[in-house]
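Input: a single structure, listed below in structure tokens.
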Amino acid sequence: VHEMLMLPRWKRVWISRSFVHLFHGYTGLRPKGTVSFCLPPFSSSFRRLDVLTLTPWLAPIVWEGTFNSELLDSAYKPLNLTIGVTAFAIGKYTMFVGRFVESAEKLFMKGYRVNYYIFTNDPQVIPRVQLQPGRSLSIVPIKKYSHWQEISMRRMEAINRHIAEVSHREVNYLFCLDIDMVFHNPWGVETLGEMVAAIHPGYYNVPRSQFPYERRSSSAAFIPDSQGDFYYAGAVFGGLLKQVYEFTRACHMTILADKANGIMAAWQEESHLNKRFFSHKPSKLLSPEYVWDDTKPKPPEVRLIRFSTVNKDYKEIRD
Ligand code: UDP
Ligand code: MN
């Protein structure tokens, strides 16, 4: 380092670039502890210029090509974290559990401790999936509300209660996911953050005025036309347990406020989630790689689809 600083500026850059190649060139060699921190402070190999990778409030937006999994694992593995996943399978949605868990076992937080919490009204029909060591699945029995909107919205309340009663003792981070989804590519610790939101695949490249926020000022989820940052998906959010607790509590409260006024927000809990993330900015954003929609063709900026919807016949599965 000392010799490097003696060099003219342009040569320093050249040398630090070759360092990058040295360290990135290894094959099968896992960086240990401090070794990873020998990397130069910036590296052109982990930069994307075709997509937004930082919000105006300086939260990273996670895209393939913006992070080094090996380096992240070397930092996170020693922490021995447990990551929780909540997913709801009420009524006919129990049919999605098998594919969801099987694909997660191959691709979600591989090598980490994971607890799945499957909330269902029908525990008997939940398939037993063979899990990797250090991973567990528990069934959380809950009642079935009669309308799909109510089922979907009540997730905020149920997750909040479950954190207070159970999962606060069991996990460090929690992701709250839709069940009608499948993992197709790795989802790792690059997604961990205090409070994490995912950009909705339908709205990552449209102007803010077209975001389907709740636009009636009588709703607690109201966001005026000229405001808002991103349109986030209701199917994926997460973060540190304490933060997810506060988040789900806040969303449940505004949902109840609307209910008391006889209002249902345009996109149910997704509208309330968007309002909460508008007033309390997420600390990390996931690109639509993490919540894709299989009916959409894959544009070039989406290099890989990690988690995507299963096509479903709404008439067939919603009561
Ligand atoms: N859900 C459920 N049973 C229902 C309706 C919804 O279990 O009858 C849960 C399920 O986890 C589902 C989530 O609520 O993934 C959100 O509903 P859905 O996926 O139908 O909404 P979409 O993603 O189509 O907007
Ligand atoms: Mn869904």
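Atom set for the values below is all heavy atoms of this structure, side chains included, hydrogens, waters and symmetry mates excluded. Every number for a ligand or one of its atoms is a count from 1 in the order of the listing. Along the sequence shown, the residues carry numbers beginning at 1. The structure presented is a predicted model; accordingly, all values stated were derived computationally and were not measured.
Remark: the Glu105 side chain and the Tyr116 side chain contain an N/O donor-acceptor pair separated by less than 3.5 Å. Checked by atom type, the side-chain pair Ser219/Asp258 shows a donor-acceptor distance below 3.5 Å. Counting only N and O atoms by type, the side chains of Ser152 and Glu269 include a donor and acceptor under 3.5 Å apart.
Centroid-to-centroid, the aromatic rings of His168 and Tyr245 stay 6.0 Å apart or farther. A ring-centre distance under 6.0 Å is not found for Phe67 and Phe46. Between Trp187 and Tyr290, the ring center distance clears the sub-6.0 Å criterion.
Atom 13 (C) of ligand 1 has as its closest protein heavy atom Arg155 NH1, 3.3 Å. Annotation: atom 2 (C) of ligand 1 to nearest protein heavy atom, Tyr93 CG, 3.4 Å. For atom 19 (O) of ligand 1, the closest non-hydrogen atom on the protein side is Asp180 OD2, 2.9 Å.
Of the N or O atoms in Ile90, one or more lie within a sub-3.5 Å distance of an N or O in ligand 1. Between Ile179 and ligand 1, at least one N/O pair is under 3.5 Å apart. Taking distance alone, with nitrogen or oxygen atoms compared against 3.5 Å, Phe88 approaches ligand 1 more closely than that limit. The N/O atoms of Lys312, backbone and side chain alike, include one that comes under 3.5 Å of an N/O atom in ligand 1.
The shortest heavy-atom distance from Ala89 to ligand 1 is under 4.0 Å. Residue contacts with ligand 1 include Ser152, since one of its heavy atoms falls under 4.0 Å from the ligand. For the ligand labelled ligand 1, residue Tyr314 lies inside the 4.0 Å heavy-atom shell.
Between Asp50 and Arg48, at least one side-chain nitrogen of the basic residue sits less than 4.0 Å from a carboxylate oxygen of the acidic one, meeting the salt-bridge criterion. The residues Glu102 and Arg99 are annotated as not salt-bridged, no charged nitrogen and carboxylate oxygen being separated by less than 4.0 angstrom. Ionic pairing of Arg216 and Glu214 is present here: one or more N-O contacts between side-chain nitrogen and carboxylate oxygen are shorter than 4.0 angstrom. In summary, Glu316 and Lys312 do not engage in a salt bridge, as defined by a charged side-chain N under 4.0 Å from a carboxylate O.
For Met181, no heavy-atom contact with ligand 1 is shorter than 4.0 Å. Only side-chain heavy atoms of Ile151 come within less than 4.0 Å of ligand 1; its backbone N, CA, C and O stay farther off.
Remark: among candidates Asp178, Ile118, Leu177, the nearest residue to atom 16 (C) of ligand 1 is Asp178, based on non-hydrogen atoms. With Glu270, Arg154, Arg318, Gln268 as candidates, the residue nearest to atom 25 (O) of ligand 1 on a non-hydrogen basis is Arg318.
Looking only at its N/O/S atoms, Asp178 has OD2 as the one nearest to the Mn ion (ligand 2).
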